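Here the structure is a predicted model, which means the values were calculated and not measured.
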Amino acid sequence: MAESLGLEAFAAKYASELSARYSDITAEMVLDTSEGYLRHLMEAEVEDGFEILQAYSFNQLTVDKGGVPRKIKGFFSSTLDGQKTPEIIPEVAIKQFKPFIFMYRAKPDLAVPAGWTWNMIEDGDWLKTLPEVDVSFLDGI
């Protein structure tokens with residue numbers, strides 16, 4: 001029953017899934033980032049935290065910084081291939097999330113379009129399976 005599991009179990013499971021593709025991902029990194037996001041949601045006293053997290057994920061996955069639709073696969077590479085140096089640093093990711101909370105409130109166009117699912121990510125390959133990852137209490141041990 002996933003609802004009763006602690007954040008540590010989810011962090012460990014997702015770190016395991018991600019580290020199969022990116023060697024620099026750790027459970028501590030995923031846990032720290034998740035806790036930071038949740039802290040910002042609590043500080044902002046949001047009632048729609050799940051919607052904000054979904055919208056943030058959607059925008060990170062489907063839109064480049066300039067607002068242009070993101071292309072995952074290019075002619076010679078894929079953004080899912082990773083970088084030689086870590087691109088995600090928990091402290092930086094957490095700081096970038098906070099302003100999104102307030103932008104989400106001011107810009108309705110940042111919301112996830114009705115009917116959108118992770119399966120709609122063009123060229124998303126394994127990324128599409130992340131929301132369906134099965135987490136158990138053993139993952140937190």
Side-chain angles (χ1 to χ4, degrees), residues 1-74 76-141:
M1 184 155 291
E3 296 86 30
S4 62
L5 296 175
L7 195 54
E8 292 82 5
F10 286 91
K13 183 64 173 197
Y14 280 96
S16 174
E17 292 288 321
L18 293 169
S19 67
R21 291 162 180 84
Y22 308 108
S23 62
D24 56 338
I25 301 292
T26 65
E28 182 179 359
M29 176 188 285
V30 175
L31 182 62
D32 290 348
T33 305
S34 302
E35 287 176 339
Y37 287 1
L38 293 174
R39 192 174 316 106
H40 284 316
L41 289 169
M42 288 185 332
E43 288 171 0
E45 299 178 357
V46 300
E47 294 180 15
D48 53 351
F50 180 75
E51 290 175 27
I52 292 172
L53 288 168
Q54 288 285 65
Y56 186 70
S57 298
F58 169 78
N59 283 282
Q60 291 293 308
L61 293 168
T62 64
V63 181
D64 279 333
K65 292 193 188 284
V68 177
R70 180 182 302 275
K71 291 201 180 274
I72 291 180
K73 285 193 177 181
F76 294 107
S77 65
S78 167
T79 57
L80 299 179
D81 290 342
Q83 305 292 322
K84 289 185 180 186
T85 58
E87 196 171 299
I88 298 294
I89 300 168
E91 297 81 16
V92 174
I94 293 165
K95 285 181 185 177
Q96 290 172 343
F97 178 65
K98 187 174 185 175
F100 182 83
I101 296 170
F102 300 100
M103 288 189 312
Y104 175 82
R105 290 176 173 170
K107 294 181 174 182
D109 58 315
L110 291 176
V112 177
W116 183 85
T117 68
W118 282 55
N119 286 327
M120 295 175 173
I121 300 171
E122 190 174 326
D123 297 323
D125 301 331
W126 61 269
L127 190 63
K128 295 176 181 182
T129 65
L130 285 180
E132 305 305 320
V133 168
D134 189 31
V135 181
S136 76
F137 74 94
L138 295 174
D139 293 312
I141 298 176

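- Rounding to the nearest 0.5 angstrom, the gap separating the NZ atom in Lys95 from the CD1 atom in Ile89 is 10.5 Å.
- Using bins of under 30°, 30° to 60° and over 60° for the plane-to-plane angle, the ring pair Phe97/Phe100 lands in the parallel bin.
- Taking CG of Leu18 as the start and NZ of Lys13 as the end, the distance is 11.5 Å to the nearest 0.5 Å.
- Between Val30 and Phe10, every side-chain heavy-atom pair lies at or beyond the 4.5 Å cut-off.
- The heavy-atom pair separating Ala27 from Ala11 by the smallest distance is O-CB, 3.8 Å.
- Here the shortest heavy-atom pairing between Glu17 and Leu130 reads CB-CD2, 4.4 Å.
- Within the 4.5 Å cutoff, the side chain of Phe58 has heavy atoms near those of the Pro113 side chain.
- By the 6.0 Å contact criterion, NZ on Lys107 is open, its count of non-hydrogen atoms from other residues, nucleotides or ligands being 12 or less.
- Thr33 contributes a side-chain N or O that, together with a main-chain N or O of Met29, makes up a donor-acceptor pair within less than 3.5 Å.
- Between atom OG1 of residue Thr129 and atom CG of residue Leu127 there is a gap of 7.5 Å, rounded to the nearest 0.5 Å.
- Remark: the backbone N or O of Glu91 is not paired with any side-chain donor or acceptor of Asp32 at under 3.5 angstrom.
- Trp118 and Lys128 get closest at one heavy-atom pair: O-CG, 3.4 Å.
- Judged by distance alone, the side chain of Tyr104 and the main-chain N or O of Leu53 form no donor-acceptor pair under 3.5 Å.
- Going from atom CD1 of Ile101 over to atom CG of Leu110 covers 12.5 Å, rounded to the nearest 0.5 Å.
- Of all the heavy atoms in Leu5 and Val135, the pair that sits closest is CD1-O, 3.5 Å.
- Closest heavy-atom contact between Trp116 and Thr62: CZ2-CG2, 4.1 Å.
- Between the OG atom of Ser19 and the CG atom of Asp24 there is a distance of 9.5 Å, given to the nearest 0.5 Å.
- In this structure, Asp48 CG and Gln54 CD are separated by 12.0 Å, a value rounded to the nearest 0.5 Å.
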Exercise answer: donor-acceptor pairs, residues 35-47 side-chain atoms, under 3.5 Å, sequence neighbours excluded:
from  : atom 1 : to    : atom 2 : distance (Å)
His40 : NE2    : Ile94 : O      : 3.4

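- Summarising the geometry of Ala93 relative to Tyr56, their closest heavy-atom pair is O-OH, 4.0 Å, with the distance given to 0.1 Å.
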